[in-house]
Amino acid sequence: SSVSAVGGIAGMAERNTIRNSVFVSDIATNTNAGALIGWVPGGFTADTYAVYENVLVLFKNSNHNLVGSQNIETIVGVVSAEYASADRDAISESGFDYGALNDYFDASGAIPVFKTAANS
């Protein structure tokens with residue numbers, strides 16, 4: 001069987017806002033699969049009203065699509081890197097603001113970790 005329209009946030013989305021967030025994508029399939037969104041009806045354009053601000057995507061696989069249906073690998077407001085070689089300084093230079101994560105993430109290491117009762 002084949003898997004399609006898979007996304008880290010949603011399989012299908014038209015209008016969304018994502019701010020100050022970190023995603024680790026381990027999605028390996030390339031059939032309408034994206035780290036953020038699998039499929040955007042009508043295509044990913046300025047009309048989709050999507051807003052991304054200070055979003056970090058760390059890839060742990062060969063599929064580097066942020067939006068799978070159009071094989072989009074670059075979106076304004078999204079910084080991406082390989083998980084295994086993520087470098088905090090290089091990611092910061094790419095425009096990601098680690099300081100904006102402090103309320104919800106432990107951003108002291110190279111890779112931000114979501115705060116839980118166990119590690120906060």
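What you are looking at is a predicted structure, and each value in this text was computed from that prediction instead of being measured.
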For the residue pair [X] and [Y], what are the closest heavy atoms and their distance?
{"X": "R19", "Y": "V51", "value": "NH2-CG1, 4.4 Å"}
{"X": "A110", "Y": "Y98", "value": "O-OH, 3.4 Å"}
{"X": "F59", "Y": "E82", "value": "O-OE1, 3.4 Å"}
{"X": "G95", "Y": "V79", "value": "C-CG2, 4.3 Å"}
{"X": "L101", "Y": "S21", "value": "CD2-N, 4.1 Å"}

What distance separates [X] [atom1] from [Y] [atom2], expressed to the nearest 0.5 Å?
{"X": "N65", "Y": "N71", "atom1": "CG", "atom2": "CG", "answer": "4.5 Å"}
{"X": "D97", "Y": "L56", "atom1": "CG", "atom2": "CG", "answer": "11.5 Å"}
{"X": "N20", "Y": "N54", "atom1": "CG", "atom2": "CG", "answer": "4.5 Å"}
{"X": "S62", "Y": "I27", "atom1": "OG", "atom2": "CD1", "answer": "11.5 Å"}

Residue pair [X] / [Y], side-chain heavy-atom distance below 4.5 Å:
{"X": "F23", "Y": "I18", "result": "yes"}
{"X": "M12", "Y": "P41", "result": "yes"}
{"X": "L58", "Y": "I91", "result": "yes"}
{"X": "D26", "Y": "Y83", "result": "no"}
{"X": "I37", "Y": "N16", "result": "yes"}
{"X": "I111", "Y": "F105", "result": "no"}

Inset, instruction - Please check if W39 and V67 belong to a single hydrophobic cluster, counting links between Ile, Leu, Val, Met, Phe, Trp and Tyr side chain heavy atoms closer than 4.5 Å. - result: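 Per the 4.5 Å side-chain linkage, W39 and V67 are not co-clustered.
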Please answer whether the main-chain N or O of [Y] pairs with a side-chain N or O of [X] as donor and acceptor at a distance below 3.5 Å.
{"X": "N63", "Y": "A33", "result": "yes"}
{"X": "N61", "Y": "S25", "result": "yes"}
{"X": "S92", "Y": "A90", "result": "no"}

Inset, instruction - Indicate the ring-plane relationship of Y104 and F114, choosing parallel, tilted or perpendicular according to the 30° and 60° boundaries. - result: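 If you compare the ring of Y104 with that of F114, the planes turn out parallel.
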